[in-house]
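Please read the structure below before turning to the comments.
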Amino acid sequence: MCKNNLPAADGKLKGAAAAATVLKTISKSELASHNTPRSAWCAVHSTDASGKYTGGHVVLDITSFASKHPGGDLILLAAGKDASVLFETYHPRGVPHSLVKKLQIGVMEKGAYDNSFYSWDSDFYKVLKQRVCERIEEKGLQRRGSGEILTKALFLLAGFWYSLYHMYTQTNFTNAAIASVSMGIFAAMIGVNIQHDGNHGAFAKSKFLNKFAGWTFDMIGGSAFTWELQHMLGHHPYTNVLDEVEHRRKEEEVDCKLEDKDQESDPDVFSSFPLMRMHPLHEVSWFHRYQHIYAPFLFALMTLAKVFQQDFEIILTGKLYHIDASVRYGSIWNVMRFWSMKLITMFYMMGLPIYFHGTVKGVGLFVLGHLAAGELLATMFIVNHVIEGVSYGHKSVTNDEGVKVAKPATIMGDTPMERTREQVLNGKADKSTVPSVPFDDWAAVQCQTSVNWSSGSWFWNHFSGGLSHQIEHHLFPSICHTNYCYIQEVVQKTCEEYGVPYQTEKSLWVAYGKMLNHLKFLGRTKQL
């Protein structure tokens, strides 16, 4: 439960394991070399004696601690990189200062991460975490796991295997096709309701149950490791942010070492490019004028592309775009799990349908199920970050004076947070009582780049696995999604108090329509 008033992690991270110990100064390249389960170091931002972030970073050796970590080997995803975002977002109650001191082995060289897009100076996120923890306690809820999610998981797993069985045994092909669509829908629901929470460490208190829940993504044909790399190391920490320097390198077909690539870039906004333009920094092609028309058809292919292309590319190349995959595939056991699950799932999802229905019909049933799963998954995911009013981050952008501009903006070039801040300030006689929060505050950026739909609805929260409360999910990924409808009011009111945007749409259908309009506009506007 969330019991602390303020996160302990916001306390002092001074950096000395003992007064007499001289800590080693570690470079980014050395840190990056310790990025496997066998040798895992990570950097987290430090604070001064008053609790303010200094801009410096301490280095922690988490190799041995991973086996004792309450969240299991989830912590190993932090290996070889600046893990400050993971450190903050997965520990709403904070991390004991004594534990940080115990794990610390050094400090990062000065200026190692000075080019970050984000600021951590405001107390906005600290206050938000405190209030959310208090609400969870007031409601008598568990931060991780609940009877609701366990009951739902059993139903969805039973529905998946029941549909798969009937897909095999129905002699009438139409009935088999219906069973295939049903199987695909249940697979999608397993993806958003079970594996999503499991791989975030939020499905249960038990490390084993979380691991099992995460494994269900392998069970339906995907790879939990691929999902972790893209979702937890790319999309979640750096939502809608694109590194302009790396983007230009790609356009010029210039590559660099993986350790030299900037980690602050969201793979979700460029993984569909050039077929779809979902970020204003992307170059516009003639066919993007029609992307709002063909997008729903491409959505259906999402899971097929991941199962047959992305999963294999990552394990064979050892990377996902700019993200090093060694944190997972540096373990022989994880590599064995990947290949064995691919073989097993291909057997019961394609091999057995072919055995019962023949090659053409069997493959057709397999594809049909994936089309149903892909369409449903993409529909619920894309409306949260590619929609009218949402903001984007352009890393490496500078103004005429050469000063870094870290201010999210919409495709129209405006920053909604300027308006919301002004509204709050104008409503106060004493403007000094309005707490300050910069545009590039990490939590404020999450609110500017994410959109809810059907906020507060218990039903849609359960149906979507919490995706309808995308703002709450991005701010609190380690909290079970069944809690989001209960903490939503707290998050929205705190945003209003600080003048931080909180965009929510009436329903999924309204959000879907605005998403298509947004794609249409993106397909016809010039590249920034």
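Residue numbers run from 1 in the order of the sequence given. Excluded from the calculations below are hydrogen atoms, water molecules and symmetry mates; all remaining heavy atoms, backbone and side chain alike, are included.
- Rounded to the nearest 0.5 angstrom, Gln130 CD and Thr494 OG1 are separated by 10.0 Å.
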Step by step, work out the side chain to side chain contact (heavy atoms under 4.5 Å, CB included) result for Cys42 and Lys81.
CA-CA 5 Å; Cys42 71; Lys81 60 181 67 66; 5.8 Å; no
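- Applying the side-chain contact (heavy atoms from CB on, under 4.5 Å) test between Gln470 and each of Thr504, Asn384, Val451 identifies Asn384 as the sole match.
- Side-chain contact of Ser146 with Thr482: a donor-acceptor pair under 3.5 Å is present, judged by distance alone.
- The neighbour count for Phe297 CZ, taken as heavy atoms of other residues, nucleotides or ligands under 6.0 Å away, does not exceed 12.
- In this structure, His462 and Trp458 have tilted ring planes: the angle between them lies in the 30° to 60° band.
- Without hydrogens or angle criteria, Lys205 side chain to Arg144 main chain gives no donor-acceptor distance under 3.5 Å.
- Aromatic pair Trp339/Phe312: ring centres closer than 6.0 Å.
- Panel note: side chain Ser454, backbone Ser457; no donor-acceptor pair is recorded below 3.5 Å.
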Test Thr89 against Leu475 for side chain to side chain contact (heavy atoms under 4.5 Å, CB included), laying out the working first.
CA-CA 7 Å; Thr89 57; Leu475 293 169; over 6 Å; no
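- With no hydrogens or angles considered, a side-chain donor-acceptor pair links Glu472 and Asn452 at under 3.5 Å.
- Between atom CD1 of residue Ile194 and atom CD1 of residue Ile149 there is a gap of 8.0 Å, rounded to the nearest 0.5 Å.
- For Gln310 and Thr226, the side-chain atoms include no donor-acceptor pair closer than 3.5 Å.
- The CE atom of Met183 sits 10.0 Å away from the CD1 atom of Ile190 when rounded to the nearest 0.5 Å.
- One distance of note links NZ of Lys129 with CZ of Phe476; it measures 7.5 Å at 0.5 Å rounding.
- Under the 6.0 Å distance and 45° angle rule, Lys361 counts as a cation-pi partner of Phe173.
- Using modelled atom types and a 3.5 Å distance limit, the side chains of His235 and His385 yield a donor-acceptor pair.
- Between the Gln448 side chain and the Ala444 main chain, a donor and an acceptor come within less than 3.5 Å of each other.
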Begin from the C-alpha positions of Asp218 and Lys342 and carry the test side chain to side chain contact (heavy atoms under 4.5 Å, CB included) through to its verdict.
CA-CA 8 Å; Asp218 296 59; Lys342 283 295 182 183; over 6 Å; no
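- In this structure, the side chain of Lys319 does not engage the main chain of Ile315 through any donor-acceptor pair within 3.5 Å.
- With hydrogens and angles ignored, the 3.5 Å screen pairs no side-chain donor or acceptor of Thr36 with any backbone N or O of Ser326.
- With no hydrogens or angles considered, a side-chain donor-acceptor pair links Glu505 and Gln503 at under 3.5 Å.
- A donor and an acceptor atom, one from each side chain of Tyr484 and His473, are located under 3.5 Å apart.
- Using the six-membered ring where Trp is involved, Tyr348 and Trp161 have ring planes that are tilted, between 30° and 60° apart.
- No side-chain donor-acceptor contact under 3.5 Å links Gln170 and His357.
- Under 3.5 Å, the side chains of Ser116 and Glu264 contain a donor-acceptor pair of N or O atoms.
- Atom OG in Ser468 sits 9.0 Å away from atom CG in Leu508 (nearest 0.5 Å).
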Derivation and outcome, side chain to side chain contact (heavy atoms under 4.5 Å, CB included), residues Arg328 and Leu76
CA-CA 8 Å; Arg328 280 309 187 215; Leu76 293 177; 4.1 Å; yes
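- At distances below 3.5 Å, at least one donor-acceptor pair connects side-chain atoms of Asn193 with backbone N or O atoms of Met189.
- Between Asp311 and Lys306, no side-chain nitrogen of the basic residue sits less than 4.0 Å from a carboxylate oxygen of the acidic one, so the salt-bridge criterion is not met.
- Distance check, rounded to the nearest 0.5 Å: CG of Leu376 to CD1 of Ile185 gives 6.5 Å.
- His322 and Ser265 share no side-chain donor-acceptor pair at under 3.5 Å.
- Side chain of Asn240 to backbone of Asp266: no donor-acceptor contact under 3.5 angstrom is found.
- Centroid-to-centroid, the aromatic rings of Tyr329 and Phe225 come within less than 6.0 Å.
- A salt bridge links Arg135 to Glu138: at least one charged side-chain nitrogen sits closer than 4.0 Å to a carboxylate oxygen.
- Not one N or O on the side chain of Lys211 forms a donor-acceptor pair closer than 3.5 Å with the backbone of Leu209.
- Residue-environment remark: OH (Tyr294) exceeds the threshold of 12 foreign heavy atoms within 6.0 Å.
- Proximity of a side-chain donor or acceptor of Asp73 to a complementary backbone N or O of Ser67 within less than 3.5 Å is not detected.
- Ser478 and Arg143 share a side-chain donor-acceptor pair at under 3.5 Å.
- Crowding of Phe308 atom CZ: a count of heavy atoms from other residues, nucleotides or ligands under 6.0 Å exceeding 12.
- No hydrogens or angles considered: a donor-acceptor pair under 3.5 Å links the side chains of Gln263 and Tyr238.
- His196 has its ring centre less than 6.0 Å from the ring centre of His231.
- In this model, a donor atom of one side chain and an acceptor atom of the other lie less than 3.5 Å apart for Gln488 and Tyr502.
- Separation of the Trp509 and Tyr512 ring centroids does not fall under the 6.0 Å cut-off.
- Under the 30°/60° scheme for interplanar angles, the aromatic rings of His200 and Trp227 are found to stand perpendicular.
- For the pair Ser180 (side chain) and Leu365 (backbone), a donor-acceptor distance under 3.5 Å is present.
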